[in-house]
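Quick notes on the structure that follows.
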Amino acid sequence: MTLRLLFFIPVVFVASLLPGCRTGPAAASSRFLQQSTSGGESKLDVKLPLEKGSVRFAVIGDNGTGDSPEYEIAQEMETYRKTVGFDFVAMMGDNIYGGHKPKDFERKFEEPYKPLLDSGVKFYACLGNHDDSNEVLYKPFNMNGQHYYSFKKGDVQFFVLDSNYMDSAQLDWIEQQLSGSNAKWKIAYFHHPLYSDGRFHGPDLDLRKQLMPIFEKYGLNVVLSGHEHVYERFKPEEGIYFFLVGNSGELRYHNLRPGSDIMAAGFDTDRTFMLIEISGDKLYFQTIARTGQTVDSGTLQRQPKPQVSSQAAQ
């Protein structure tokens with residue numbers, strides 16, 4: 001398990017020291033954001049360029065509570081969808097907390113996200129530790145009965161893993177999928193974070209040991225995860241960009257540890273969701289709180305492909 005950060009400055013935009021990441025000037029010296037409580041109407045503040053032909057999607061994690069904050073995040077997502085036009089959502093797991101009867105799926109998924117579902121937005125789930133394995137059969141999660149699977153959107157290929165049971169069969173599948181992918185951008189997501197500054201869980205070091213050599217070898221670009229009920233963006237680890245989005249429904253208030261040397265930005269005072277746009281060699285991101293406040297945003301440059309030695313190629 002790992003470290004976490006707890007240094008609060010009331011700004012509305014967190015900047016980063018991340019190489020290849022441009023962020024707004026308002027927080028060049030702050031890595032950790034405390035939500036503003038100032039009044040007044042929230043104004044839609046889209047940080048993405050909305051370029052023609054780009055891939056746009058939302059990210060949520062640990063959302064399936066059925067409580068009012070989940071509904072409020074879902075409403076904010078729909079508000080942004082009308083402008084941003086994202087057409088799918090990546091889910092970081094813990095999709096349904098508690099019971100898994102039909103009424104639970106209605107209250108904890110179908111009702112809060114009804115406007116998005118009615119607009120044709122697709123949700124692609126992974127399994128968290130609070131999920132029932134039968135969720136792979138639930139059609140709106142688009143898992144098609146699989147605990148791990150892959151899908152493509154434009155120049156982006158997504159590798160959705162089951163971090164609850166990382167056995168040799170799944171590791172072989174990951175290596176086969178990544179080695180055979182010709183996608184410009186390769187993004188993996190799963191529930192348990194490889195890096196985390198949360199006090200409650202921290203990083204999954206065993207999972208990191210299993211996955212990082214494969215990710216490095218085949219040039220994975222981005223890793224998304226949940227589990228820790230905060231938002232966190234990390235400085236690149238082995239050249240890979242990492243995000244943690246585990247507070248779209250659940251929240252562990254002030255859960256980030258101080259003194260982290262891996263955090264680029266963190267937020268642990270409200271729920272959030274992410275918007276991501278990928279166009280060419282650029283990934284644009286914007287993380288939005290339940291109030292509509294932007295708590296982090298920036299641009300990432302696609303990493304160069306790893307150099308394969310002649311011995312490895314043989």
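Only this structure's heavy atoms are used, side chains among them; waters, hydrogens and symmetry mates stay out. Predicted model only: the values in this text are computed from it and were never measured.
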- [ ] Kindly give the heavy-atom pair with the smallest separation between Pro203 and Leu194, and that separation in Å.
- [x] CB-O, 3.2 Å
Open item on the list: Rounded at 0.5 Å granularity, tell me how far OG in Ser163 sits from CG in Leu207.
Closed with: 6.0 Å
- [ ] Test the Arg208-Tyr195 pair against the cation-pi criterion, namely NZ or CZ under 6.0 angstrom from the six-membered ring centroid and within 45° of the ring axis.
- [x] yes
- [ ] For the residue pair Ile73 and Asn63, establish whether any side-chain heavy-atom pair is separated by less than 4.5 Å.
- [x] no
TODO: Check whether any side-chain N or O of Trp185 sits under 3.5 Å from a backbone N or O of Gly280 as a donor-acceptor pair, and report yes or no.
DONE: yes
Task: Any donor-acceptor N/O pair, Asn164 side chain to Leu127 backbone, under 3.5 Å - done: yes
Task: Side-chain (Gln286) to main-chain (Asp45) donor-acceptor, under 3.5 angstrom - done: yes
Open item on the list: Just verifying a value: how many Å separate Ile96 CD1 and Lys108 NZ, rounded to the nearest 0.5 Å?
Closed with: 6.5 Å
- [ ] Kindly determine whether Lys122 and Val89 satisfy side chain to side chain contact (heavy atoms under 4.5 Å, CB included), including the steps that lead there.
- [x] CA-CA 6 Å; Lys122 296 187 74 172; Val89 178; over 6 Å; no
Open item on the list: Side chains of Phe141 and Met91, heavy atoms from C-beta outward: is any pair under 4.5 Å?
Closed with: yes
Open item on the list: Does the plane of the ring in Tyr149 sit parallel, tilted or perpendicular to the ring in Phe151? Use 30° and 60° as the thresholds.
Closed with: parallel
- [ ] State, yes or no, whether a side-chain contact exists between Thr291 and Asp270 at a heavy-atom distance under 4.5 Å.
- [x] yes
Open item on the list: I need the minimum non-hydrogen distance between Gly145 and Leu137, along with the two atoms involved.
Closed with: CA-CD2, 3.9 Å
Open item on the list: Checking the side chain of Gln303 only, and the main-chain atoms of Asn221 only, is there a donor and an acceptor separated by less than 3.5 Å?
Closed with: yes
Task: No-hydrogen, no-angle side-chain donor-acceptor test under 3.5 Å, His100 and Asp132 - done: no
Task: Residue that, paired with Phe57, satisfies ring-ring contact (aromatic ring centres under 6.0 Å, His included) out of Phe158, Phe86, Tyr124 - done: Phe158
Open item on the list: Tell me whether Asp281 is salt-bridged to Lys184, with the criterion being a basic N under 4.0 Å from an acidic carboxylate O.
Closed with: yes
Open item on the list: Under a 3.5 Å distance rule, please check whether Glu250 uses its side chain to pair with a backbone N or O of Thr65 as donor and acceptor.
Closed with: no
TODO: Kindly indicate whether the side chain of Phe242, heavy atoms from C-beta on, has any atom under 4.5 Å from the side chain of Val222.
DONE: no
Task: Within-4.5 Å side-chain heavy-atom neighbours: Tyr284 and Glu51 - done: yes
Task: Side-chain donor/acceptor of Ser150 to backbone N/O of Phe159, under 3.5 Å - done: no
Task: Smallest separation among heavy atoms of Met92 and Gly226, with atom names - done: CB-N, 3.8 Å
TODO: Could you tell me the separation between the CG atom of Leu220 and the CZ atom of Phe215, rounded to the nearest 0.5 Å?
DONE: 5.5 Å
Task: Common cluster, Trp173/Met212, ILVMFWY with side-chain heavy-atom separation under 4.5 Å - done: yes
Task: Salt-bridge contact Glu106-Lys103 (side-chain N to carboxylate O under 4.0 Å) - done: no
Open item on the list: Whether the side chain of Asp104 engages the backbone of Lys101 through a donor-acceptor N/O pair (distance < 3.5 Å, no angle test) should be reported.
Closed with: yes
Task: side-chain hydrogen bond (donor to acceptor under 3.5 Å, both in side chains) partners of Glu277, counting only residues at least two apart - done: Ser54
Open item on the list: Whether Lys153 engages the ring of Phe88 as a cation-pi pair (distance to the six-membered ring centre under 6.0 angstrom, angle to the ring normal within 45°) should be assessed.
Closed with: yes
Open item on the list: Between Phe190 and Tyr148, does the side chain to side chain contact (heavy atoms under 4.5 Å, CB included) criterion hold? Intermediate values first, please.
Closed with: CA-CA 9 Å; Phe190 43 88; Tyr148 44 92; over 6 Å; no
Task: From CA spacing to verdict: side chain to side chain contact (heavy atoms under 4.5 Å, CB included), Asp87, Arg56 - done: CA-CA 7 Å; Asp87 60 3; Arg56 301 173 206 161; over 6 Å; no
TODO: Establish, for the pair Arg252 and Phe200, whether the NZ or CZ atom is under 6.0 angstrom from the six-membered ring centre and no further than 45 degrees off its axis.
DONE: yes
Task: Path from Val156 to Leu50 over hydrophobic side-chain contacts below 4.5 Å - done: yes
- [ ] Give me the ring orientation class for His227 and His201: parallel if the planes are under 30° apart, tilted from 30 to 60°, perpendicular past 60°.
- [x] parallel
TODO: Looking only at non-hydrogen atoms, find the nearest pair between Met77 and Ala58 and report the distance.
DONE: CE-CB, 4.0 Å
Task: Atom pair OG/CZ of Ser297 and Phe285 - distance to nearest 0.5 Å - done: 6.5 Å
Open item on the list: Has Ser248 got a side-chain atom pairing as donor or acceptor with Gly61's backbone, closer than 3.5 angstrom?
Closed with: yes
TODO: Verify the distance criterion only: is there a donor paired with an acceptor across the side chains of Tyr113 and Glu70 at less than 3.5 Å?
DONE: yes
TODO: Check whether the side chains of Glu175 and Tyr218 place a donor and an acceptor atom closer than 3.5 Å, and report yes or no.
DONE: yes
- [ ] Please say whether more than 12 non-hydrogen atoms of neighbouring residues, nucleotides or ligands are located less than 6.0 Å from NZ in Lys152.
- [x] yes
- [ ] Over all heavy atoms of both residues, which pair between Glu76 and Arg290 is shortest? Give the atoms and the distance, please.
- [x] OE1-O, 3.7 Å
- [ ] Only one of Thr287, Asn247, Thr272 passes side chain to side chain donor-acceptor pair (under 3.5 Å) with Tyr231; say which it is.
- [x] Thr287
Task: Heavy-atom side-chain contact between Ile60 and Val245 under 4.5 Å - done: no
Open item on the list: Quick one: does any side-chain atom of Thr294 pair with a main-chain N or O of Asp296 as donor and acceptor, under 3.5 Å?
Closed with: no
Task: Residue pair Phe267 / Leu256: nearest heavy atoms and the distance that separates them - done: N-CD1, 3.6 Å
Open item on the list: For a 4.5 angstrom cut-off between non-hydrogen side-chain atoms, does Phe273 reach Leu275?
Closed with: yes
Task: Rounded distance (nearest 0.5 Å) linking atom CG of Leu224 with atom NE2 of His191 - done: 13.5 Å
Open item on the list: Just verifying a value: how many Å separate Ile240 CD1 and Glu216 CD, rounded to the nearest 0.5 Å?
Closed with: 6.0 Å
Open item on the list: Working note: Asp204 + His192, criterion side chain to side chain donor-acceptor pair (under 3.5 Å); need CA distance, chi angles, decisive distance, verdict.
Closed with: CA-CA 6 Å; Asp204 192 317; His192 299 86; 5.1 Å; no
Open item on the list: With no hydrogens and no angle check, just 3.5 Å: does a side-chain donor-acceptor pair link Ser119 and Arg81?
Closed with: yes
Open item on the list: Does any part of the side chain of Leu283, heavy atoms only, come nearer than 4.5 Å to the side chain of Arg302, both counted from C-beta?
Closed with: no
- [ ] Return yes if a side-chain donor-acceptor contact under 3.5 Å exists between Asp268 and Asn255, otherwise no.
- [x] no
- [ ] Go through Phe105 and Glu110 one step at a time and tell me if the side chain to side chain contact (heavy atoms under 4.5 Å, CB included) criterion holds.
- [x] CA-CA 6 Å; Phe105 285 87; Glu110 294 168 16; 4.2 Å; yes
Task: Glu135 and Asn95 side chains, donor-acceptor separation under 3.5 Å - done: yes
Open item on the list: Check whether Asp172 reaches the backbone of Ala169 with its side chain - one donor and one acceptor, N or O, closer than 3.5 Å.
Closed with: no
Open item on the list: Could you see if Phe123 belongs to whatever hydrophobic cluster contains Tyr97? Use Ile, Leu, Val, Met, Phe, Trp, Tyr and a side-chain cutoff under 4.5 Å.
Closed with: no
